[in-house]
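This is a predicted model, so every value here is computed, not measured. Letters A, B, ... mirror the listed sequences (proteins, then strands); counts begin at 1.
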Amino acid sequence: MEYNFLEIEKRWQKYWSDNEVYKVEVDNSRPKYYVLDMFPYPSGAGLHVGHPLGYIASDIYSRYKRLRGYNVLHPMGYDAFGLPAEQYAIQTGQHPAKTTDKNIKRYREQLDRIGFSYDWSREVRTCDPEYYKWTQWAFLEMFAHWYNRKTGKAEKISDLISVFEKEGNINVNAECGEENSFTADSWNAFTDREKAAVLMNYRIAYLGETSVNWCAALGTVLANDEVKEGLSVRGGHPVEQKKMRQWQLRVSAYSERLLNDLDNLEWTDSLKDMQRNWIGRSQGAEMVFKVSNGLKEYDMEIFTTRADTVFGVTFMVLAPESEWVEKLTTLEQKAAVEEYLNYAKKKTERERMAETRKVTGVFTGSYATNPFTEEKIPVWISEYVLAGYGTGAIMAVPAHDSRDYSFAKHFNLPVIPLIEGCDISQESFDAKEGIMCNSGFLSGMTVKQAIPAAIEEVEKRGIGRRKVNYRLRDAIFSRQRYWGEPFPIYYKEGIATPMDMEKLPLRLPEVDKFLPTESGEPPLARAENWTFEGYPIEKSTMPGFAGSSAYYLRYMDPHNSGALVGKEADEYWRSVDLYIGGTEHATGHLIYSRFWNKFLFDIGYVCEQEPFKKLINQGMIQGRSNFVYRVKGTNTFVSYGLKDKYDTTEIHVDVNKVSNDRLDIAAFKEWMPEYANAEFILEDGEYICGWAVEKMSKSMFNVVNPDMICENYGADTLRMYEMFLGPLEQSKPWDTNGIDGVHRFLKRFWRLFFNRDSFCVSLESASAKEQKILHKLIKKIGDDIESFSFNTSISAFMIAVNELYEVGCNKKEILEPMLVLLSPFAPHITEELWSLLGHNESISKASFPQYIESYTVEDTFEYPVSFNGKMRFKVALSRSLSAKEIEEYIINQPDTVKYLGESKIKKVIIVPGKIINIVC
RNA sequence: GCUCGGGUGGUGGAAUAGGUAGACACGCAGGACUUAAAAUCCUGUGGGCAGAAAUGUCCGUACGGGUUCGAUUCCCGUCCCGAGCACCA
């Protein structure tokens, strides 16, 4: 009987969905396991073959865990708010909800064909009001909380107000904006408006003035992770810095916890490094310098990690945006400073980056006093100092910082070396090593001793303190767009006021157009009569990461109308055990989600500190393009091997018209009218195409669609081939060339169960040799799946099937466990064979620990020979070795024998497929 | 510039508590079945040298050193590729 994959797959997919085979519920009698994919943004282009890679891996793992008896939560949904749908809406007038809906339908069809074991009853869409209700709810909770440094967690604003009423903010140690201290009396005397303004500084979701990434082309602000190399990630438009009042999330309050808790996660080191880098902890000191503009004296704070170099400070530098600029610019320098500020302001981020090495700056006219040397040093302004880091002002030590060095050289400022014997004639000496000199009481110490000693002295003199700084900034949470979650905030007498939780969801209003208004307001300003109790509602919407920050919690309890997730569901499912997705979210979603979760943990809403215990990054699938070579000025195409003999143009050809780099000439002629009369210069009767690895995209004609593969080879082949392509975490080009091998394997596997046309398995008991084939496989597959090395498991299946053919085995005792083992990889074909074996229940429904756990074997040989010491020989056991063969192997290694000397081997232990242990 | 990965046949890739390098698959070549094709099956396939052949032998995991009886695996240096960060004081 033929392996009719089309019919089999269709039938079983229907069976799974009709019988809700993958639906799960809380079940306290069984251990849970939560496997999550990063949910997709449903784009108009549909899925290409690269998208399902991670989904297939997580599906295999889910199915395997189910086989082992776990209650597996494996949901899927859509990250449905986003820019492309909105931009499409601007162009066509079509409502983004409609486009999104259409795209989701298409995605669902494509996903269904691949045979995933999702519990679709738990599907979420971030643009669904019943879902974004909870995004808005979380925002309101953040609005209603502040971060207490003393307790290290978020606490209620209402409690903070009681403290203010009793004792002002003297004893409050909070993560907040400006820290103007006030007493209880002055607090109680504040107007409502003043109180609201003070509280805003403390809230975890707050409205504040900040320097933002403004993208004029998109008409919106962007978060740091949405900007790469000075361009917007979506669309690649230029981005500039602009001061604006925006909603923000106080992510920076969680810097330390976000950093420290990384240690307990099973993520790859590279990903943890990326997050550590992004959080950017640096330990140093804050130090006060007296500065004077000739009329007035101020205390100016700076941050440094090299307090030891304070004797070498020869000037100070301010960021152009620093508030000190205005205070310290003298009358004589005013014009020059203004000119410089104008120059700096006009630059986009990108220009600033491109000109990284260009030294620019201007003198303020003011001087500071070095607190250790009492010397007067000039205060400059330069764009190499960033407003957003530290205090936006630095002490410059040109001898030991390369940036200060080039600045000093450019403007002819003095350079004082502080380390014995260092050569600073060409460049600064940045390394933290050597013996200090020219440094007063620090002279003679090593740098490592001097750093703490200097900080100690600074603290003793009362001019500063030890300080840890983080690079991580608060997340800008407003977007001037239509297609996102509206803020449940209205402005009562100009005061930002939260709506009642009962009023949620606040639905997106209808608008006539999706563009910003003529006066530059966000699209929501177009909504008519959109008010709350007569007051205006916030016009921005939330960013893309809002909806994706807690979706994994919603899956646990998706239909709960009273809570984001109910207590019972949260306490059972807890957190994601395995999360699979791309690295592109390393510094975006994966930070925000962790922050969001920690906040919910603080307010007692969820029971785990971290959302994603184990995380695997699947590699990207690139496209493999094919080329034909047209002889210039003709309609003749020359085969790859002969192209150098002609003057040719390389042209992309649709990879679907090519197989194994051989061009299907007939299909090529039909492809485009201009090729209908093409002529070909062949080699050996064939046209060979050139190839290259490029991004998978329509314009390169290298997009391969999973539907096509399912049509031609079946979903089981697609699933296995994607895994067979190479290690999961590695990026690799899609190359359909090898797919026949996997397909052939499935056909061979199928035929093991048939004798000509009839289903035929033997009920005889298996021989030791046959058992060994199975046991070896069980061991290997178990090990491989736990280490996500699916490509080698597939090889192991191929080997096992080849061996079964070799010994002519069709015994149920062997084949049935093999079916179970294979079912996570190829669920359709195994269901079919399983039912042909006479089982009534779906293979996906039951658990079979007996088949996959209890089959490992150890063969032990008593083996007397003559060596000394302990050794292990690693040998590929593609077949069982006899004692004789082992002896021969060892004796054929004369150097080894010499090394071991004369003694006796007592025992040889063989673990199938692994290692020979020789115990002496 | 800094931080991580990674360099193995014609191709994708196996093998790292050091132990027969190239599993498995693709491709290619030859053969069987067939009127033919598809499908299927069998054989060979890192390179050099010797041999009619079985086979023997030397060289081979980016390059150069080192440790070791033994190194793709560990250490040092060099080159190349990929990813991330990038004036973070």
Suppose you measure atom [atom1] in [N] against the same atom in [M]; what distance do you get, rounded to whole Å?
N     : M     : atom1 : result
B:A53 : B:U67 : P     : 42 Å
B:C69 : B:G18 : P     : 15 Å
B:C42 : B:A52 : C1'   : 24 Å
B:G70 : B:U20 : C1'   : 12 Å
B:U72 : B:A14 : C1'   : 12 Å
B:G51 : B:U61 : C1'   : 29 Å
B:C75 : B:G5  : P     : 12 Å
B:G44 : B:C59 : P     : 26 Å

Just the rounded figure in Å: distance from [atom2] of [N] to [atom1] of [X].
X        : N     : atom1 : atom2 : answer
A:Met274 : B:G84 : CE    : C1'   : 5 Å
A:Tyr721 : B:C26 : OH    : P     : 10 Å
A:Leu728 : B:G13 : CG    : P     : 13 Å
A:Phe788 : B:G13 : CZ    : C1'   : 20 Å
A:Met620 : B:G5  : CE    : P     : 21 Å
A:Asn277 : B:C85 : CG    : P     : 9 Å
A:Arg276 : B:G84 : CZ    : P     : 19 Å
A:Arg281 : B:C2  : CZ    : C1'   : 19 Å

*Residue pair A:Arg276, A:Asp273: steps toward the salt bridge (charged side-chain N to carboxylate O under 4.0 Å, His left out) verdict*: CA-CA 5 Å; A:Arg276 288 194 186 106; A:Asp273 273 342; 3.3 Å; yes
Measure from the side-chain heavy atoms of [X] and tell me the nearest of [options].
X        : options             : result
A:Arg744 : B:A89, B:C26, B:C85 : B:C26
A:Asn791 : B:C85, B:A14, B:C87 : B:A14
A:Asn737 : B:C87, B:C26, B:A89 : B:C26

Would you kindly say whether [X] and [Y] are connected by a side-chain donor-acceptor distance under 3.5 Å?
X        : Y        : result
A:Ser625 : A:Glu694 : yes
A:Thr583 : A:Asn617 : no
A:Glu383 : A:Thr360 : yes

State the pairing partner of [N]; accept Watson-Crick or G-U wobble contacts with both distances under 3.5 Å, and report none otherwise.
N     : value
B:C24 : B:G12
B:G56 : B:C49
B:C87 : none
B:A29 : B:U43

*Would you please classify the geometry between the A:Phe797 ring and the A:Phe825 ring as parallel, tilted or perpendicular, with 30° and 60° separating the classes?*
perpendicular
Just to be sure I understand the rule, does [X] reach a base, reach only the sugar-phosphate, or reach nothing, if contact means heavy atoms closer than 4.0 Å?
X        : result
A:Pro733 : nothing
A:Asn802 : sugar-phosphate
A:Phe724 : base

*Under a 90° cut-off about 0 for the syn range, is B:G82 syn or anti?*
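This nucleotide is in anti.
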*Centroid-centroid under 6.0 Å between A:Tyr721 and A:Tyr713 rings*: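 No, the ring of A:Tyr721 stays outside the 6.0 Å limit from the ring of A:Tyr713, centre to centre.
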*Would you check if the distance from the ring center of A:Phe315 to the ring center of A:Phe407 is below 6.0 Å?*
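Under 6.0 Å, so yes.
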*Nearest nucleotide by nearest heavy atom, which residue falls closer to the 5' end of RNA chain B, A:Met798 or A:Trp278?*
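This one resolves to A:Met798.
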*Could you say whether A:Arg748 or A:Leu725 is positioned toward the 5' end of RNA chain B, judged by the nucleotide with the nearest heavy atom to each?*
A:Leu725
*For B:G27, does OP1 or OP2 lie under 4.0 Å from any side-chain N or O of A:Arg662?*
no
